[in-house]
Amino acid sequence: EDAVFAAHPQGTVFRFPMIYGPNNARPHEWSVVRRVRDGRPHMILPDGGLQVISRCAARNAAACVLAAVDRPDAAAGQIYNCGDPTQWSLRDWAAAIVALLGAEMELVAIPGDIAVEAASTLLPLANTTAPHCIVSTEKAERELGYRPVVEPMAALEEVVRWYDTLGP
């Protein structure tokens with residue numbers, strides 16, 4: 001961020017959490033969708049999936065950026081967090097995806113030290129950072145008028161439906 005502002009003092013930096021939505025380059029929900037499609041009855045969640053990590057629907061991330069475009073004077077030289085208004089634990093996130101797919105799956109709690117592969121697949125930075133990371137969008141709301149354009153559950157439902165268009 002310092003390097004960006006050194007070169008572009010009037011620039012704006014956006015901090016994006018886990019982005020989800022159709023065509024995502026790093027689709028975190030795919031691990032759950034794939035297990036449901038495969039008919040697997042269980043899914044390992046490191047430390048019970050109790051980690052709460054900010055997520056942001058791609059459309060909400062775009063809305064935050066566009067709010068800055070609409071208010072360039074306010075955004076100049078500033079840093080903003082992007083995120084959804086609701087944050088879920090990994091367990092809640094996985095359970096919501098399973099439910100949206102109309103499936104049942106036992107979510108199995110395994111200590112994070114043992115569930116290394118599950119952690120690297122399901123958590124950002126392979127669970128090498130703090131167990132919880134919740135960001136505030138209050139600054140973007142106050143200074144830019146940012147408002148989410150899609151509720152998290154509706155956005156999650158949208159991405160789950162999108163997987164259906166890809167086939168098995």
Side-chain angles (χ1 to χ4, degrees), residues 13-70 80-110 112 115-129 131-138 140-141 144-168:
V13 171
F14 296 93
R15 294 176 179 155
F16 296 104
M18 292 175 70
I19 302 289
Y20 63 99
N23 297 304
N24 187 356
R26 178 98 161 78
H28 296 278
E29 65 283 340
W30 175 244
S31 294
V32 183
V33 171
R34 185 64 198 194
R35 283 169 175 77
V36 169
R37 283 185 172 186
D38 288 348
R40 299 182 205 176
H42 308 92
M43 182 172 177
I44 292 173
L45 294 180
D47 297 321
L50 299 178
Q51 305 87 339
V52 178
I53 297 164
S54 288
R55 290 177 167 77
C56 189
R59 291 197 286 151
N60 288 341
C64 192
V65 172
L66 291 174
V69 170
D70 289 342
Y80 297 100
N81 293 323
C82 298
D84 282 343
T86 304
Q87 301 302 325
W88 300 328
S89 68
L90 176 58
R91 175 176 281 284
D92 292 340
W93 174 256
I97 294 168
V98 170
L100 285 169
L101 290 168
E104 291 185 20
M105 181 180 291
E106 181 183 2
L107 302 176
V108 180
I110 302 285
V116 175
E117 183 161 337
S120 65
T121 301
L122 297 168
L123 298 169
L125 303 176
N127 206 26
T128 58
T129 61
H132 307 291
C133 181
I134 302 171
V135 299
S136 170
T137 60
E138 190 273 330
E141 293 166 10
L144 304 177
Y146 163 68
R147 297 291 179 268
V149 295
V150 62
E151 287 298 315
M153 186 56 86
L156 187 57
E157 185 174 0
E158 176 183 32
V159 73
V160 167
R161 278 194 322 267
W162 175 77
Y163 280 110
D164 287 339
T165 68
L166 301 178

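Along the sequence shown, residues carry numbers from 1.
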Notebook entry, point to check: Closest approach of V32 and M43, non-hydrogen atoms and distance?
Noted result: CG2-CE, 3.6 Å

Margin query: Between E158 (side chain only) and V150 (backbone N and O only), is there a donor and an acceptor less than 3.5 Å apart?
Written below: no

Margin query: If you compare all heavy atoms of G48 against all heavy atoms of R91, which two are closest, and at what distance to 0.1 Å?
Written below: O-NE, 3.0 Å

Note to self: Is there a side-chain contact between M153 and L100 in this structure, where contact means two heavy atoms from C-beta onward sitting under 4.5 Å apart?
What the structure shows: yes

Next item on the list: In sequence, state the C-alpha distance, the side-chain angles, and the governing distance for M18 and I53, and then conclude on side-chain contact (heavy atoms from CB on, under 4.5 Å).
Entry: CA-CA 8 Å; M18 292 175 70; I53 297 164; 3.7 Å; yes

Item checked: Pairwise distance CD(E141) to SG(C64) - rounded to 0.5 angstrom -> 9.0 Å

Check: How many angstroms lie between atom OG1 of T137 and atom CZ of R147, to the nearest 0.5 angstrom?
Finding: 9.0 Å

Check: Sub-3.5 Å donor-acceptor pair from the side chain of N81 to the main-chain atoms of R15, do we have one?
Finding: no

Item checked: Between CG on residue L45 and CG on residue L90, distance to nearest 0.5 Å -> 5.0 Å

Note to self: Could you check whether any side-chain heavy atom of D164 comes within less than 4.5 Å of a side-chain heavy atom of R37, counting everything from C-beta outward?
What the structure shows: yes

Note to self: Quick check: do L50 and S89 have side-chain heavy atoms less than 4.5 Å from each other?
What the structure shows: no

Next item on the list: For side-chain contact (heavy atoms from CB on, under 4.5 Å), just list the numbers for V65 and F16, CA-CA rounded to whole Å, side-chain angles, deciding distance to a tenth of an Å, and then say yes or no.
Entry: CA-CA 10 Å; V65 172; F16 296 104; 3.9 Å; yes

Checklist line | Ring centre gap for Y20 and W93 strictly below 6.0 Å | finding: yes

Next item on the list: Calculate, to the nearest 0.5 Å, the distance between atoms CZ and CG belonging to R161 and L101 respectively.
Entry: 11.5 Å

Next item on the list: Ignoring hydrogens and angles, state whether a donor on the side chain of Y146 or D70 is under 3.5 Å from an acceptor on the partner side chain.
Entry: no

Next item on the list: Return yes if some donor-acceptor pair links the side-chain N/O of N24 with the main-chain N/O of R26 below 3.5 Å, else return no.
Entry: yes

Note to self: On a heavy-atom basis, which atom in A61 and which in C56 lie closest, and how many Å separate them?
What the structure shows: N-SG, 3.4 Å

Item checked: Interatomic spacing from OG1 in T86 to CG in L156 - rounded to 0.5 Å -> 11.5 Å

Notebook entry, point to check: What is the distance from atom CH2 of W30 to atom CZ of R35, rounded to the nearest 0.5 Å?
Noted result: 11.0 Å

Next item on the list: Compare every heavy atom of G83 with every heavy atom of P17, then report the nearest pair and how far apart it is.
Entry: CG-CA, 4.3 Å

Check: Where do V159 and E29 land on the side-chain contact (heavy atoms from CB on, under 4.5 Å) test, with the steps shown first?
Finding: CA-CA 9 Å; V159 73; E29 65 283 340; 3.6 Å; yes

Note to self: Could you report the tightest heavy-atom contact between A103 and V36, atom names first, then the distance?
What the structure shows: CB-CG1, 3.6 Å

Checklist line | Nearest non-hydrogen partners of R59 and V149, listed with the distance | finding: O-CG2, 3.6 Å

Notebook entry, point to check: Run the side-chain contact (heavy atoms from CB on, under 4.5 Å) check on R34 and Y163 step by step: do they pass?
Noted result: CA-CA 10 Å; R34 185 64 198 194; Y163 280 110; over 6 Å; no

Margin query: Whether the side chain of D84 engages the backbone of S54 through a donor-acceptor N/O pair (distance < 3.5 Å, no angle test) should be reported.
Written below: no

Notebook entry, point to check: Take atom CD in E106; do more than 12 heavy atoms of anything else shown fall under 6.0 Å from it?
Noted result: yes

Checklist line | Side-chain touch V13/Y80, heavy atoms, less than 4.5 angstrom | finding: no

